[in-house]
Protein chains: 2
Amino acid sequence: MTRTHRDPIASSAGSSSGALSRYAAATAAAEQQGSASGDFTLDATEQAVAERLQGMEIDMSAMAVVSNVYRAANALRNHLERTVLTKHGLTWTGWVVLWVIWIWGEIESRHVAAEAGVSKGTLTGVQKTLAAKGLVDRTVHPDDARRVLLSLTEEGERLMAAVFPEFNGVEAWMTTELSGAEKRELARGLRALVQRAEEA
Amino acid sequence: MTRTHRDPIASSAGSSSGALSRYAAATAAAEQQGSASGDFTLDATEQAVAERLQGMEIDMSAMAVVSNVYRAANALRNHLERTVLTKHGLTWTGWVVLWVIWIWGEIESRHVAAEAGVSKGTLTGVQKTLAAKGLVDRTVHPDDARRVLLSLTEEGERLMAAVFPEFNGVEAWMTTELSGAEKRELARGLRALVQRAEEA
DNA sequence: CCGATATCGTTCGGTCCCGAACAAACTTGC
DNA sequence: GCAAGTTTGTTCGGGACCGAACGATATCGG
């Protein structure tokens with residue numbers, strides 16, 4: 001993680017790596033002051049982007065939003081995996097699936113997939129992994145032999161009860177920088193994106 | 001995608017699926033009006049969450065932020081894959097890697113990994129895939145035999161020139177709902193999260 | 001000059017991830 | 001009641017993804 005070399009990319013990257021988001025940051029900063037280009041000392045990445053995109057009709061702010069969202073999601077996920085999940089032998093997706101089942105108590109397979117945001121093909125594998133760990137039980141639906149009901153084993157319940165507060169504590173820590181109003185604004189903007197992106 | 005069944009989960013899900021984000025939405029809506037709990041008709045998911053978490057000390061707004069960010073990232077990625085990338089035989093990660101190389105012209109492997117936000121182990125595979133498609137060239141660094149320089153082939157250049165405007169057009173469409181100020185706020189909030197999550 | 005140390009990219013094992021194809025089970029129309 | 005259509009979960013192929021272990025290469029200290 002410590003990048004100690006001296007070439008342009010690494011030095012410009014510093015601790016905040018990622019071309020897209022640094023670019024996005026500069027774009028937003030420039031917009032904020034209503035400035036045209038040239039007023040800021042762009043680092044190597046932003047200069048490269050600007051040169052490459054010169055003459056093209058590009059929506060820079062849209063680009064900034066998409067890349068920042070994606071980057072933030074990765075950062076949050078990786079941090080939670082590193083600080084909480086890995087320690088308990090869980091993956092991100094496994095955790096989400098477990099969480100959904102925990103909330104519902106007993107729930108059909110297809111609903112878990114929808115709630116967790118994965119395809120049914122993926123769920124088959126994840127669920128198999130969790131069952132092998134002894135965290136999840138499978139039952140055939142009494143009224144429909146196609147369906148499968150998932151629920152937590154006692155060990156699964158114990159795990160959730162132990163890990164969830166810890167997980168949420170890290171979530172809280174990661175968002176302490178934001179005020180209540182900022183969190184609301186953030187959520188609002190994100191929901192607007194989701195709505196657009198998910199509309200058929 | 002059309003969920004036409006009549007059970008509580010599906011009907012509450014509607015077109016916006018995903019327990020976490022619906023929950024997050026309700027949380028944010030409640031906050032917005034400064035109300036305590038009980039003033040709103042919660043749907044099945046939120047009721048389940050509320051019941052499950054009753055008595056636990058949970059930071060709901062932090063939970064809402066994390067789940068919304070993750071959900072939005074997935075929605076944006078899936079939509080861009082479906083509408084733009086798949087058509088050109090590209091995956092999301094392949095696209096990001098290609099983009100980084102396109103911007104830099106010629107760049108060392110390790111930098112591509114850092115900029116694209118993947119591990120070096122992952123990059124080896126992605127790069128191999130792109131090279132097999134004839135989109136990327138590999139050269140050994142003249143001064144250091146350990147390093148590998150990546151660049152686009154002519155076909156890679158052609159592809160980027162053709163696909164990037166299309167990609168950005170969809171990005172623009174997905175963010176049209178947001179005003180300039182909203183986009184800036186969004187980017188600001190997300191960067192705050194990234195900073196926290198990435199700090200060692 | 002040469003051993004200790006650091007860095008770069010690859011390999012490997014395990015998991016995730018999707019869409020397409022599929023079989024089994026249910027529902028609907030006639 | 002049964003053929004046609006739909007839904008559910010599985011399987012499969014191709015790819016992404018990470019961390020750990022590794023070999024090759026480079027650098028630093030003496």
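Here is how names work: the chains are called A, B, and so on, in the same order as the sequence lines, proteins then strands, and each is numbered from 1. Computed from a predicted structure; not experimentally measured. Both backbone and side-chain heavy atoms feed into the values below; hydrogens, waters and symmetry mates do not.
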For nucleotides 16-19 of chain C, list the nitrogen or oxygen atoms of the protein found under 3.5 Å from its nitrogen or oxygen atoms, one pair per line.
from   : atom 1 : to     : atom 2 : distance (Å)
C:dC16 : OP1    : A:T91  : OG1    : 2.6
C:dC16 : OP2    : A:T129 : OG1    : 3.3
C:dC16 : O3'    : A:T93  : OG1    : 3.1
C:dC17 : OP1    : A:T93  : OG1    : 2.7
C:dC17 : OP2    : A:T93  : OG1    : 2.1
C:dC18 : OP2    : A:S119 : N      : 2.7
C:dC18 : OP2    : A:S119 : OG     : 3.3
C:dC18 : OP2    : A:T122 : OG1    : 2.8

Any side-chain donor-acceptor pair under 3.5 Å between B:T176 and A:R196? yes
Distance in angstrom units between A:L150 CG and D:dT10 C1', rounded: 14 Å
Just the rounded figure in Å: distance from C1' of D:dG5 to CZ of A:R146. 12 Å
Of the listed C:dG9, D:dG9, D:dT7, the closest approach to the A:T124 side chain comes from D:dG9
Quiz item: A:R147 side-chain donor-acceptor pair to D:dT8 base, under 3.5 Å: no
Can you check the B:E108 CD to C:dT7 C1' distance for me, whole Å? 11 Å
Classify the ring geometry of A:F167 against A:W92: parallel below 30°, tilted from 30° to 60°, perpendicular beyond 60°. tilted
To the nearest angstrom, the CG-C1' distance between B:N74 and D:dA16 comes to 14 Å
Nucleotide C:dA25, atom P - distance to CG of A:L149 in whole Å: 16 Å
Without decimals, in angstroms, what is the distance between B:D143 CG and C:dT7 P? 18 Å
Whole-Å distance separating the CG atom of A:D144 from the P atom of D:dT7: 12 Å
Should the pair B:R71-A:E198 be classified as a salt bridge under the 4.0 Å nitrogen-to-oxygen rule? yes
May I ask you to decide if B:D143's main-chain N or O and B:H141's side chain share a donor-acceptor pair within less than 3.5 Å? yes
Salt-bridge present (B:R158, B:E155; N to O < 4.0 Å): no
Would you check if there is a donor-acceptor pair between the side chains of A:S61 and A:D59 at a distance under 3.5 Å? yes
Mark yes or no for a side-chain to base donor-acceptor pair under 3.5 Å between A:R110 and D:dT8, with no hydrogen or angle criteria applied. no
B:R52/A:E157 salt bridge by N-O under 4.0 Å criterion: yes
Expressed in angstrom and rounded to an integer, what is the separation of B:H111 atom NE2 from C:dG9 atom P? 8 Å
